[in-house]
Protein chains: 2
Amino acid sequence: MPRTVLDRADAVRALAGVFRRRGFESGSLSVIQQETGIGRGSLYHFFPDGKADMARAVLAQVRAWFDEQVFAPLRTADDAAQAVAAMSQVVEEYFVSRERVCLFAAMTLGEEQETFAREVRAYFADWVGVLAETLRRGGIVESEAADLAVDAVAAIQGGLIMTRALDDDAVFTGIVARTDRRLQAALTRKGMGS
Amino acid sequence: MPRTVLDRADAVRALAGVFRRRGFESGSLSVIQQETGIGRGSLYHFFPDGKADMARAVLAQVRAWFDEQVFAPLRTADDAAQAVAAMSQVVEEYFVSRERVCLFAAMTLGEEQETFAREVRAYFADWVGVLAETLRRGGIVESEAADLAVDAVAAIQGGLIMTRALDDDAVFTGIVARTDRRLQAALTRKGMGS
DNA sequence: TACACTCTGAACCAATCGGTACAAAGTGAC
DNA sequence: GTCACTTTGTACCGATTGGTTCAGAGTGTA
């Protein structure tokens with residue numbers, strides 16, 4: 001049963017790839033058409049409001065993925081150390097297999113900054129929040145858990161920048177590994193050390 | 001003696017501001033003209049090769065600033081701990097007063113990625129290299145110094161993303177402070193602990 | 001004053017932009 | 001096969017893009 005007709009999810013997937021490679025601004029309609037093989041007609045059929053609609057859909061898909069694969073597991077975990085280790089692994093795989101680009105981070109630059117400010121803020125605030133809560137449940141005091149969580153997410157995001165800049169996946173892999181190690185160490189000493 | 005005529009340095013300064021706010025892609029000639037008050041004629045007088053030339057000039061200016069204010073002090077310092085503390089302070093001031101945007105990091109996204117790949121790689125490699133060398137001179141073993149340096153620069157870059165996303169300067173300030181504290185702690189224990 | 005030189009504004013260009021319209025092709029239910 | 005509905009390619013629109021040209025204003029020197 002060959003699928004010849006696209007559905008919206010296919011289009012969103014293809015768009016995410018283009019936006020990761022090209023950026024939102026420079027991913028022009030012609031380029032999108034060419035790289036995805038999706039014609040203008042289909043694009044405006046699935047996304048009547050044009051490029052903004054496409055960006056919104058892609059962001060929503062990424063957000064949904066993180067909700068399922070990252071945030072929910074952290075929330076429901078009873079073993080904090082194991083949950084954090086799982087997060088490190090899942091996040092590493094995700095970004096390495098997706099051009100080493102976080103589309104939400106990309107949205108903090110340029111003009112579209114304001115357009116999606118709410119979604120971007122929610123994504124990072126939720127990530128930090130759910131990680132901090134997991135660390136707290138693991139026995140780390142509230143204030144230290146919050147700092148550790150912010151630092152961990154920042155390290156991952158900074159790792160993506162460095163790994164793209166130096167064009168070396170090992171940079172990102174190393175940063176994620178050491179970030180995980182730092183969180184595990186904090187959980188082991190239950191937030192007592194400095 | 002009122003300066004009514006611009007020189008190239010004025011133009012570069014103004015362009016840096018526009019690129020930080022708008023990004024390279026969306027900073028169109030008309031927007032640049034409008035926000036800087038510099039006409040097309042002047043722009044193409046100073047930057048005959050157009051937008052690419054402007055980007056190159058802005059990047060070179062940022063690079064020169066870091067050479068002078070960050071890299072050189074680290075290289076010539078005899079007190080590693082003090083030099084690292086100075087770096088933290090200077091870098092924090094720099095980014096807070098410049099829209100919390102690192103133009104080299106912005107260059108790791110989108111199409112222009114390849115255009116300036118060499119300069120971007122050099123900027124980050126030099127920053128990491130000079131910081132690692134400073135830590136090594138401070139008594140930290142080579143392999144650990146390299147990891148610490150990569151992690152520190154990544155933390156700063158990730159901090160910029162988080163601080164823009166959460167629209168809160170305190171996020172960046174906190175991350176820089178804790179990154180500095182981590183480096184100081186490593187220098188104190190001379191790279192012996194884990 | 002006159003001169004060489006730097007800087008600037010405005011008009012203009014082809015190419016491309018994001019977006020629209022719509023007829024035709026594809027698809028599943030009956 | 002027919003029908004309602006979804007998906008698609010093509011042609012097209014006005015606006016804007018990055019880039020060019022060039023006459024002339026601004027400036028320092030003598």
Side-chain angles (χ1 to χ4, degrees), chain A residues 1-19 21-59 61 103 106-107 109-116, chain B residues 1-19 21-59 61 103 106-107 109-116:
Chain A
M1 193 178 293
R3 299 265 286 84
T4 64
V5 177
L6 290 173
D7 76 7
R8 214 185 109 111
D10 297 325
V12 171
R13 244 185 310 276
L15 281 173
V18 176
F19 287 153
R21 283 190 297 277
R22 307 279 191 157
F24 277 89
E25 315 266 357
S26 66
S28 71
L29 272 288
S30 325
V31 166
I32 291 173
Q33 194 172 180
Q34 194 178 337
E35 290 201 12
T36 63
I38 306 174
R40 265 178 152 68
S42 312
L43 247 18
Y44 277 88
H45 171 70
F46 291 127
F47 311 100
D49 283 349
K51 263 188 101 176
D53 223 349
M54 301 175 202
R56 212 173 297 129
V58 168
L59 246 29
Q61 190 228 37
L103 287 172
M107 281 303 188
L109 288 168
E111 330 201 61
E112 67 274 45
Q113 199 173 350
E114 289 165 16
T115 313
F116 298 106
Chain B
M1 198 180 290
R3 297 269 285 81
T4 64
V5 176
L6 290 173
D7 75 6
R8 214 185 112 110
D10 296 326
V12 172
R13 245 186 309 273
L15 280 172
V18 175
F19 287 153
R21 283 190 297 278
R22 306 279 192 159
F24 278 88
E25 314 266 358
S26 66
S28 71
L29 272 289
S30 326
V31 166
I32 291 172
Q33 193 171 182
Q34 195 178 338
E35 290 202 14
T36 62
I38 305 174
R40 267 178 152 70
S42 310
L43 247 19
Y44 277 87
H45 171 69
F46 293 127
F47 312 101
D49 282 350
K51 262 188 101 177
D53 222 351
M54 301 176 203
R56 212 172 300 128
V58 168
L59 246 31
Q61 190 229 34
L103 287 173
M107 281 304 189
L109 290 168
E111 330 200 62
E112 66 275 45
Q113 201 173 346
E114 290 165 17
T115 313
F116 298 106

**OP:** Would you mind building the protein contact string for nucleotides 15-20 of chain D? One character per nucleotide, 5' to 3', B for base within reach (heavy atoms under 4.0 Å), S for sugar-phosphate only, - for untouched.
**Re:** --SBBB
Expressed in angstrom and rounded to an integer, what is the separation of [X] atom [atom1] from [N] atom [atom2]?
X       : N      : atom1 : atom2 : result
B:Ile38 : D:dG26 : CD1   : P     : 18 Å
A:Gln33 : C:dC17 : CD    : P     : 10 Å
A:Arg22 : C:dC17 : CZ    : P     : 11 Å

Original post:
Excluding sequence neighbours, so at least two apart, what forms side chain to side chain donor-acceptor pair (under 3.5 Å) with B:Asp53?
Top reply: B:Arg56
Original post:
Among all residues two or more places apart in sequence or in another chain, which pass the side chain to side chain donor-acceptor pair (under 3.5 Å) test with A:Glu35?
Top reply: A:Arg21, A:Arg22
Original post:
What distance separates B:Phe46 CZ from B:Ile38 CD1, expressed to the nearest 0.5 Å?
Top reply: 7.5 Å
Original post:
Roughly how far apart are B:Leu59 CG and B:Gln61 CD, rounded to 0.5 Å?
Top reply: 10.0 Å
**OP:** Give a yes/no on whether any side-chain N or O of A:His45 is located under 4.0 angstrom from OP1 or OP2 of D:dT8.
**Re:** no
**OP:** Measure from the side-chain N and O atoms of A:Lys51 to the backbone N and O of A:Leu29, and report whether any donor-acceptor pair falls under 3.5 Å.
**Re:** no
Original post:
Are the side chain of A:Asp10 and the backbone N or O of A:Arg13 linked by a donor-acceptor pair below 3.5 Å?
Top reply: no
